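I have placed the structure first, in the form of structure tokens, so that the comments after it can refer back to it.
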Amino acid sequence: AQSVTQPDIHITVSEGASLELRCNYSYGATPYLFWYVQSPGQGLQLLLKYFSGDTLVQGIKGFEAEFKRSQSSFNLRKPSVHWSDAAEYFCAVGAVSGSARQLTFGSGTQLTVLP
Amino acid sequence: KAGVTQTPRYLIKTRGQQVTLSCSPISGHRSVSWYQQTPGQGLQFLFEYFSETQRNKGNFPGRFSGRQFSNSRSEMNVSTLELGDSALYLCASSGGGANEKLFFGSGTQLSVL
């Protein structure tokens, strides 16, 4: 069975600083990987996804993530954080069975941005 | 284009009751998935419906059920509610293909007293 680990429960950074959120996955085949962001009381918004091809993936809001098969990692990065980036971030791996799909999420990383 | 709409936004029930949650997907989307989000267990997959058929199911008891209508709208039902069922229930829609991204609604916050 697939699993996702986000080792950092809470991260605090200053506005303008760089950000890296860690994600490690366990999956038997080539994974489909995702990063989602959730603001309080809201649903999940997709930041970026990796299916195949280039291992450096660009997403919305200036985020990027790099797939490293050898490390089973898919870390999310942003060079300069904005106060509006404060939210909870979830990494997910997609299991595909036929044409069906289900996502397994990590436990999330809460990001606080200091002014 | 309207997003995924979930109703109601908040719900309060007592133990033993049953509840029905509704999800209207993005127009043209044929797949609807349901997830439960709790502080303790995080986000967990409940089930996915495509063209009125359940094609994937997570590890939840039979008290959790769902259905999808011909217009792709979906309902989720929880019978004999327990305190542990208190959660944010999220619905997501997509076109249904394996490479398609999921669009999530804002969820229904269920509180069981």
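These numbers were taken from a predicted model, which means no experiment stands behind them. A, B, ... follow the sequence lines: proteins, then strands. Residue 1 opens every chain. Values below: every heavy atom of this structure, side chains too, minus hydrogens, waters and symmetry copies.
Hydrophobic clustering, with ILVMFWY side chains joined whenever heavy atoms are under 4.5 angstrom apart, groups Val32(B) together with Phe64(B). Using a 4.5 Å cut-off between side-chain heavy atoms of Ile, Leu, Val, Met, Phe, Trp and Tyr, with links allowed through other members, Phe74(A) and Leu47(A) fall into the same hydrophobic cluster. Criterion: ILVMFWY side-chain heavy atoms under 4.5 Å apart, direct or through other members. Under it, Leu33(A) and Ile60(A) are part of a common hydrophobic cluster. Under the 4.5 Å side-chain heavy-atom criterion for ILVMFWY residues, a single connected hydrophobic cluster contains both Met76(B) and Leu81(B).
Of the listed residues (Arg9(B), Gln109(B), Gln44(B)), the greatest number of heavy-atom pairs within a distance under 4.5 Å of chain A belongs to Arg9(B).
Leu102(B) places a side-chain heavy atom less than 4.5 Å from the side chain of Tyr36(A).
Of the atoms belonging to Gln41(B), not a single heavy atom falls under 4.5 Å from chain A. In this structure, the portion of Gln38(A) lying under 4.5 Å from any heavy atom of chain B is its side chain and not its backbone. For Leu43(B), the parts sitting under 4.5 Å from any heavy atom of chain A are the backbone and the side chain alike.
Between the CD atom in Gln42(A) and the CG atom in Leu88(B) there is a gap of 10.0 Å [rounded to 0.5 Å]. Interatomic distance, OH of Tyr35(B) versus CG of Leu44(A), reported as 9.5 Å (0.5 Å rounding). Atom NZ of residue Lys101(B) and atom CG of residue Leu103(A) lie 13.5 Å apart, to the nearest 0.5 angstrom.
More than 12 heavy atoms of other residues, nucleotides or ligands sit less than 6.0 Å from atom CG of Leu83(B). Around CG of Asn59(B), the count of heavy atoms belonging to other residues, nucleotides or ligands within 6.0 Å does not exceed 12.
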